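One structure below.
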Amino acid sequence: MKLSEIATISTGYSFRSRIKHDPDGDTYIVQMGDVDPFYGVRFDQLTKIKFRSKDERYLLDFNDILMVTKGNNIHAYSAKGIRGKTIAVNSLITIRLHQSAFRGYYVIWYLNSPKVQHYIHQVAAGTGTPNLSKKLLSDIDIPFIDQKDQKIVGAIDEIRSREAVLLKELQQKKDYVTRHTLQKAFDKMRKYDEPY
């Protein structure tokens, strides 16, 4: 089934001016810079504003899927980490499943799968920066598999994501230790240098 047949697909809120953080704000804003290829949406670092619009269609739900629309990181991410009233900017697309036969974690995996990503980048590339349109996303076919199998796929993909994050953090720590060990060794060597 096409994604548009199993979900409501909408663009985020279009702000007319620059977004400025307000510590007393009542609404969190998800922007492009808040989406990390390894960590997903960094809900712990979102900007807060006072959101005056009464239009609730922009409010994110725990089960929503966020899709980046520009650049080389055109991937789908879960919104399950929201911490309150949250909206996304218009450079992100919100996917809200309404077909109970499909689970969010499965749809996220499928949209991020190599086959679909290759298709998206081929079609969205054009002549400049890749740009995913709502129409292109709507037309992507999401194959149905049994919900038990969807759960297995989702669980394996979550393990893969966690492993990627742990490997990245391990590499960063190894790099930190190596650089500081070399610096200490170098400083010790300099003590025995002949004066210039």
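For the single chain, residues carry numbers from 1 onward in sequence order. Computed from a predicted structure; not experimentally measured.
Between S91 and T69, the closest heavy-atom pair is O-OG1, 2.6 Å. When every heavy atom of I9 is checked against every heavy atom of I93, the shortest pair comes out as CG2-CG2, 3.5 Å. The two atoms that bring T181 and V177 nearest to each other are OG1-O, 2.7 Å, heavy atoms only. Residues I120 and L111 come closest through the heavy atom pair CD1-O, 4.3 Å. Taking each heavy atom of A88 and L66 in turn, the nearest pair found is CB-CD2, 4.0 Å. Closest non-hydrogen pair, K80 versus F62, comes out as O-CE1, 2.7 Å.
Residues F38 and E169 fail the side-chain proximity criterion, which asks for heavy atoms closer than 4.5 Å. Side-chain contact between M67 and H75: absent, with no pair of heavy atoms (C-beta onward) separated by less than 4.5 Å. R179 has its side chain within reach of D175: a pair of non-hydrogen atoms, C-beta onward, lies under 4.5 Å apart. Side chains of N63 and L97 form no contact here, defined as non-hydrogen atoms less than 4.5 Å apart. In this structure, the side chains of Y106 and K151 stay at 4.5 Å or more apart for every pair of heavy atoms. Contact of the I140 side chain with the Y119 side chain is registered, since non-hydrogen atoms from C-beta on lie closer than 4.5 Å. F15 places a side-chain heavy atom less than 4.5 Å from the side chain of V89. At least one side-chain heavy atom of V116 sits less than 4.5 Å from a side-chain heavy atom of Y110.
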I would like to know whether D139 and K2 meet side chain to side chain contact (heavy atoms under 4.5 Å, CB included); could you show each step before the answer? CA-CA 5 Å; D139 289 340; K2 291 187 184 300; 4.1 Å; yes
Worked verdict on R96 versus D64 for salt bridge (Lys or Arg N to Asp or Glu O under 4.0 Å): CA-CA 5 Å; R96 183 167 293 175; D64 286 344; 2.7 Å; yes
What verdict does the side chain to side chain contact (heavy atoms under 4.5 Å, CB included) test give for Y77 and V68, after you've listed the backbone C-alpha separation in whole Å, the side-chain angles of each residue and the deciding distance to 0.1 Å? CA-CA 8 Å; Y77 299 93; V68 175; 4.0 Å; yes
Evaluate T94 against L92 for side chain to side chain contact (heavy atoms under 4.5 Å, CB included), listing each step before the verdict. CA-CA 7 Å; T94 301; L92 296 164; 6.0 Å; no
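Look at K50 and D26 and you find no salt bridge, because none of the NZ, NE, NH1 or NH2 atoms lies under 4.0 Å from a carboxylate O. The pair E158-R162 meets the salt-bridge criterion, since a charged nitrogen lies less than 4.0 angstrom from a carboxylate oxygen.
For T86 (side chain) and G84 (main-chain N/O), a donor-acceptor pair under 3.5 Å exists by modelled atom type. At least one donor-acceptor pair closer than 3.5 Å links the side chain of N112 to the backbone N or O of A76. Checked by atom type and distance alone, the side chain of H118 never pairs as donor or acceptor with a backbone atom of P114 at under 3.5 Å. A distance-only check finds a donor-acceptor pair linking the side chain of Q150 to the backbone of A101 [under 3.5 Å]. Side-chain N or O atoms of Q147 include none that pairs as donor or acceptor with a backbone N or O of F102 at under 3.5 Å. Checked by atom type and distance alone, the side chain of Q117 pairs as donor or acceptor with a backbone atom of I74 at under 3.5 Å.
Hydrophobic cluster membership is shared by I6 and L136, with clusters built from Ile, Leu, Val, Met, Phe, Trp and Tyr side chains linked at under 4.5 angstrom. If you chain together hydrophobic residues whose side chains sit under 4.5 Å apart, V41 and I108 never meet in one group. With hydrophobic clusters built from ILVMFWY side chains whose heavy atoms lie under 4.5 angstrom apart, I142 shares a cluster with L132. In this structure, F43 is not a member of the same hydrophobic cluster as I65, with clusters built from ILVMFWY side-chain heavy atoms closer than 4.5 Å. Under the 4.5 Å side-chain heavy-atom criterion for grouping Ile, Leu, Val, Met, Phe, Trp and Tyr, L137 is not connected to M32 through any hydrophobic cluster.
Here the NE2-CD distance, from H98 to E5, works out to 9.0 Å after rounding to the nearest 0.5 Å. The structure places CD1 of I87 at 3.5 Å from CD1 of I29, a figure rounded to the nearest 0.5 Å. Rounding to the nearest 0.5 Å places OG1 of T178 at 8.5 Å from CD of Q171. For the atom pair OH (Y28) and NE2 (H21), the distance works out to 9.0 Å, reported to the nearest 0.5 Å. In this structure, the separation between OG on S10 and CG on N90 is 11.5 Å, given to the nearest 0.5 Å. One distance of note links CG of D24 with CD1 of I49; it measures 13.0 Å at 0.5 Å rounding.
In H180, the NE2 atom is crowded: over 12 heavy atoms of neighbouring residues, nucleotides or ligands sit closer than 6.0 Å. Counting non-hydrogen atoms of neighbouring residues, nucleotides and ligands closer than 6.0 angstrom, the CD atom of Q172 exceeds 12 such neighbours.
In the model, Q183 has a side-chain atom that pairs as donor or acceptor with a side-chain atom of D187 under 3.5 Å.
In this view, F51 and Y13 satisfy the ring pair (Phe, Tyr, Trp, His ring centres under 6.0 Å) rule, not counting sequence neighbours.
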